[in-house]
Amino acid sequence: MSAPDVHLQIALSGVILHYAASAEAADALIADEQIHHYLDDITVIPGPPTGLNRLPCECLFSPTTCPAKQALPQRNSL
């Protein structure tokens, strides 16, 4: 069974955005933000993300929710 979706609040240039995302995608986005610092803030809001749009390009952060990414062959690291 997969983890439930989460409610993300993202602050970007003074604009507050709310999205639903898989827990895996949220974790990956937060980890990426800690490295690159391109957002003002990311907060996981308690409770279900009922009625929210999905995080744009969510599958970039969550290979298990992206059928196209699952179909790509894995490359060996050099």
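Heavy-atom basis, side chains included; hydrogens, waters and symmetry copies ignored.
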Subject >> Pairs satisfying ring-ring contact (aromatic ring centres under 6.0 Å, His included), at least one member in residues 8-59, at least two apart >> reply: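 Checked against ring-ring contact (aromatic ring centres under 6.0 Å, His included) - neighbours excluded - the pairs reaching residues 8-59 are His7-His18.
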
**OP:** Report the distance from atom CD1 of Ile35 to atom CD1 of Ile30, rounding to the nearest 0.5 Å.
**Re:** 12.5 Å

Original post:
With sequence neighbours left out, what residues match Leu39 under side chain to side chain contact (heavy atoms under 4.5 Å, CB included)?
Top reply: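 Leu39: side chain to side chain contact (heavy atoms under 4.5 Å, CB included) contacts with Ile10, Leu12, Glu33, Ile42.
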
**OP:** Return the minimal non-hydrogen interatomic distance between Ala25 and Ser22, and the atom names on each side.
**Re:**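 Shortest heavy-atom separation between Ala25 and Ser22 comes out as N-OG, 3.0 Å.
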
**OP:** Mind running side-chain contact (heavy atoms from CB on, under 4.5 Å) on Val44 and Gln9 for me, showing each step along the way?
**Re:** CA-CA 6 Å; Val44 177; Gln9 176 180 288; over 6 Å; no

Subject >> Residue pair Leu29 / Leu8, side-chain heavy-atom distance below 4.5 Å >> reply: yes

**OP:** Not counting sequence neighbours, which residues clear side chain to side chain contact (heavy atoms under 4.5 Å, CB included) with Ala28? List them please.
**Re:**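 With sequence neighbours excluded, Ala28 shows a side chain to side chain contact (heavy atoms under 4.5 Å, CB included) to Phe61, given in chain and number order.
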
**OP:** Please name the pair of heavy atoms, one in Leu52 and one in Ala20, separated by the smallest distance, quoted to 0.1 Å.
**Re:** CB-N, 3.8 Å

Subject >> With sequence neighbours excluded, residues passing side chain to side chain contact (heavy atoms under 4.5 Å, CB included) with Ala11 >> reply: Ile16, Asp40, Asp41

Original post:
Going only through I, L, V, M, F, W and Y residues with side-chain contacts under 4.5 Å, is there a path from Leu55 to Val15?
Top reply: yes

